[in-house]
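Throughout, numbering of the chain's residues begins at 1 and tracks the sequence. Whatever order the structure lists them in is the order used to number ligands and atoms, beginning at 1.
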Amino acid sequence: KERMLIEKHLRTAMKGNEFFIYYQPQIDMSNGKISGFEALLRWNNKELGFVSPVKFIGIAEETHLIVPIGEWVLKNACSFLKQLHKRGYSDLIMAVNVSILQLMQEDFVDIVQRTLEAEKIDPKCLELEITESVMMESYQAVGDKLKRLKMIGVKIALDDFGQGYSSLSYLKQLPINTLKIDKSFIDSIDSENCNDSITGTIVMIGLKLGLTVIAEGVENQEQLEYLKKHKCHKVQGFLFSKPLPEEAAVNLLANN
Ligand code: C2E
Ligand code: MG
Ligand code: MG
């Protein structure tokens, strides 16, 4: 019943301007500064109230509504990034989650390129996040597009890394720039097993492969210290900030 309700309201959500985007900062460990933001979709419906993306993204995919919604997220996140660049934060990057259904679109690379051109954004300031499991299942179908995007200069991040089943030899060949270590591996860091957690090894693999390594879901100081010790490049999580509306993100930058 809930599923059907969500689907019904999802169909009119775009027209009703019910979507908005929150931005969560990513922190560069080398200088403690905000290096970019991840765009996270939010939905507030009159009848259902706030619905978590965990609940509605899957349904948006099943109904293919994710294609126009994803394009809307890309456009708006790029337009916000341009505003930030204009304010003088010209090195910031924007990470945008993309669904496999968007990547399957014949013209996806063109859409990304057109969006960047419309906002006059350097492609290297955009990072597209693709979950590891999707990348592994659908690489045959979307690998060429990812290579084209990477050639243009757009960055590709492997999201939720460690949840899927990448073989390490395969990982070396993927057209990716960034490994985003899944929150479950960050959760498993605690003061007791700080020295022998597998998480450090995962960071090391990323570093050895020449990738940017980012940890997601960092919630406490112990996790941060551990990641610092293992030379993880960037962190993102509630310890620094929850995802924020535009204005709050701008304020955070000003105080960073
Ligand atoms: P994700 O891309 O892995 O995003 C990270 C999720 O972890 C976000 O949940 C974020 O709010 C949450 N998070 C960040 N730091 C912490 C922390 O320290 N502790 C905890 N407990 N959680 C933290 P959110 O915003 O609910 O998004 C869930 C998922 O929905 C995302 O996972 C992503 O897969 C998907 N999603 C969100 N926005 C979009 C979008 O625009 N397009 C697509 N295709 N998927 C999206
Ligand atoms: Mg993500
Ligand atoms: Mg993730």
Side-chain angles (χ1 to χ4, degrees), residues 6 10 13-14 18-27 34 36-44 50-81 93-105 108 111-112 115 126-135 138 142 155-164 176-189 202 206 212-224 227 234-245 248-249 252:
I6 290 179
L10 211 46
M14 277 277 261
E18 295 169 19
F19 291 119
F20 51 102
I21 304 173
Y22 273 16
Y23 297 92
Q24 188 177 35
Q26 303 182 328
I27 284 80
I34 295 172
F37 289 91
E38 177 177 15
L40 292 157
L41 183 60
R42 295 291 177 261
W43 179 29
N44 187 9
F50 285 93
V51 187
S52 159
V54 180
K55 274 196 178 158
F56 74 78
I57 294 283
I59 298 170
E61 288 186 324
E62 284 166 38
T63 51
H64 282 234
L65 288 164
I66 194 67
V67 175
I69 296 173
E71 198 176 326
W72 179 89
V73 173
L74 179 71
K75 290 204 166 125
N76 283 276
C78 283
S79 137
F80 181 54
L81 179 66
I93 71 157
M94 183 61 73
V96 177
N97 294 287
V98 290
S99 159
I100 183 64
L101 291 171
Q102 290 174 269
L103 269 167
M104 294 275 201
Q105 300 291 303
F108 181 68
I111 290 174
V112 173
T115 308
L126 176 68
E127 182 157 80
L128 300 178
E129 295 194 1
I130 296 140
T131 61
E132 184 199 17
S133 47
V134 157
M135 178 81 98
S138 315
V142 300
K155 293 193 173 87
I156 312 287
L158 206 52
D159 202 354
D160 303 339
F161 180 72
Q163 285 241 314
I176 55 171
N177 308 78
T178 304
L179 265 198
K180 201 161 185 191
I181 303 176
D182 190 64
K183 185 181 185 314
S184 58
F185 292 99
I186 312 309
D187 289 340
S188 71
I189 303 170
I202 299 179
T212 298
V213 182
I214 173 161
E216 69 179 344
V218 178
E219 292 178 346
N220 62 52
Q221 201 64 33
E222 271 137 29
Q223 295 166 345
L224 180 68
L227 292 161
K234 295 183 192 178
V235 286
Q236 181 182 340
F238 294 172
L239 178 63
F240 298 94
S241 169
K242 295 203 163 175
L244 302 168
L252 187 72

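For Ala249 against Phe80, the heavy-atom pair with the smallest separation is CB-CZ, 4.1 Å. The heavy-atom pair separating Gln26 from Ala95 by the smallest distance is NE2-CB, 4.1 Å.
For the pair Ile186/Val218, a side-chain contact is recorded, criterion being any heavy-atom separation below 4.5 Å from C-beta on. Inter-residue side-chain proximity for Arg42 and Ile21 is flagged as unmet; no heavy-atom pair is nearer than 4.5 Å. Side-chain contact between Pro245 and Tyr22: present, with at least one pair of heavy atoms (C-beta onward) separated by less than 4.5 Å. Proximity of Ile189 to Leu227: side-chain heavy atoms (C-beta onward) are separated by under 4.5 Å at one or more points. Phe240 places none of its side-chain heavy atoms less than 4.5 Å from the side chain of Gln24. For the pair Val73/Phe19, no side-chain contact is recorded, criterion being any heavy-atom separation below 4.5 Å from C-beta on. Between Pro25 and Leu252, the closest side-chain pair of non-hydrogen atoms falls below 4.5 Å. Residues Asn97 and Glu38 form a side-chain contact, since some pair of their non-hydrogen atoms from C-beta on lies under 4.5 Å apart.
Inside a 4.0 Å radius of atom 3 (O) of ligand 1 there is at least one protein heavy atom. Within the 4.0 angstrom cut-off, atom 34 (O) of ligand 1 has no protein heavy-atom neighbours. At a distance under 4.0 Å, a protein heavy atom can be found next to atom 46 (C) of ligand 1. At least one protein heavy atom sits closer than 4.0 Å to atom 43 (C) of ligand 1. Closer than 4.0 Å to atom 11 (O) of ligand 1 lies at least one heavy atom of the protein. Distance remark: protein heavy atom present below 4.0 angstrom from atom 22 (N) of ligand 1.
Of the heavy atoms in Asp160, only side-chain atoms (C-beta onward) come closer than 4.0 Å to ligand 1. With a 4.0 Å cut-off on non-hydrogen atoms, Val73 touches ligand 1 through its side chain and not its backbone. Contacts with ligand 1 closer than 4.0 Å are made by no heavy atom of Thr131, backbone or side chain. For Leu41, heavy-atom contacts with ligand 1 shorter than 4.0 Å involve the backbone as well as the side chain.
In this structure, the side chain to side chain donor-acceptor pair (under 3.5 Å) partners of Lys75, at least two apart in sequence or on a different chain, are Glu71. In this structure Ser99 satisfies the side-chain contact (heavy atoms from CB on, under 4.5 Å) test together with Glu61, Ile66, Leu101, Gln102, sequence neighbours excluded. Evaluation of the side-chain contact (heavy atoms from CB on, under 4.5 Å) rule for Thr131 yields Ser133, Val134, Asp159, Asp160 as partners, not counting sequence neighbours.
Residue Lys242 places no heavy atom under 4.0 Å from ligand 1. Not close to ligand 1: Lys180, with no non-hydrogen atom less than 4.0 angstrom away. Between Gly217 and ligand 1 there is a heavy-atom distance shorter than 4.0 Å.
Among all non-hydrogen protein atoms, the one lying nearest atom 13 (N) of ligand 1 is Phe238 CE2, 3.8 Å. Nearest to atom 15 (N) of ligand 1 among the protein's heavy atoms is Gln24 NE2, 3.0 Å. In terms of protein heavy-atom proximity, atom 5 (C) of ligand 1 is closest to Glu216 OE1, 3.8 Å. Protein heavy atom nearest atom 31 (C) of ligand 1, with residue, atom name and distance: Leu40 CD2, 4.4 Å. Among all protein heavy atoms, the one lying closest to atom 26 (O) of ligand 1 is Pro53 CG, 3.5 Å.
The CZ atom of Phe20 lies 12.5 Å from the CG atom of Asn76; values are rounded to the nearest 0.5 Å. Taken to the nearest 0.5 Å, the CG atom of Leu128 stands 10.0 Å off from the CG atom of Asn177.
Considering both main-chain and side-chain atoms, Glu61 never comes within under 3.5 Å of ligand 1 through any nitrogen or oxygen pair. For ligand 1, the polar-atom distance check against Ser52 finds no nitrogen or oxygen pair separated by under 3.5 Å. For ligand 1, the polar-atom distance check finds no N/O of Gln236 at less than 3.5 Å from any of the ligand's N/O atoms. Distances between N or O atoms of Asp159 and those of ligand 1 include at least one value under 3.5 Å.
None of Glu127, Glu129, Lys234, Lys155 except one satisfies the side chain to side chain donor-acceptor pair (under 3.5 Å) rule with Thr178; the exception is Glu127.
Of all protein atoms, those that are N, O or S and lie under 2.8 Å from the Mg ion (ligand 2) total 4.
Between Phe56 and Trp43, the angle of the ring planes goes over 60°, which puts this pair in the perpendicular group of the 30/60° scheme.
The contact set between ligand 1 and Gly237, taken as ligand atoms under 4.0 Å from a residue heavy atom, comprises 15 (N), 18 (O).
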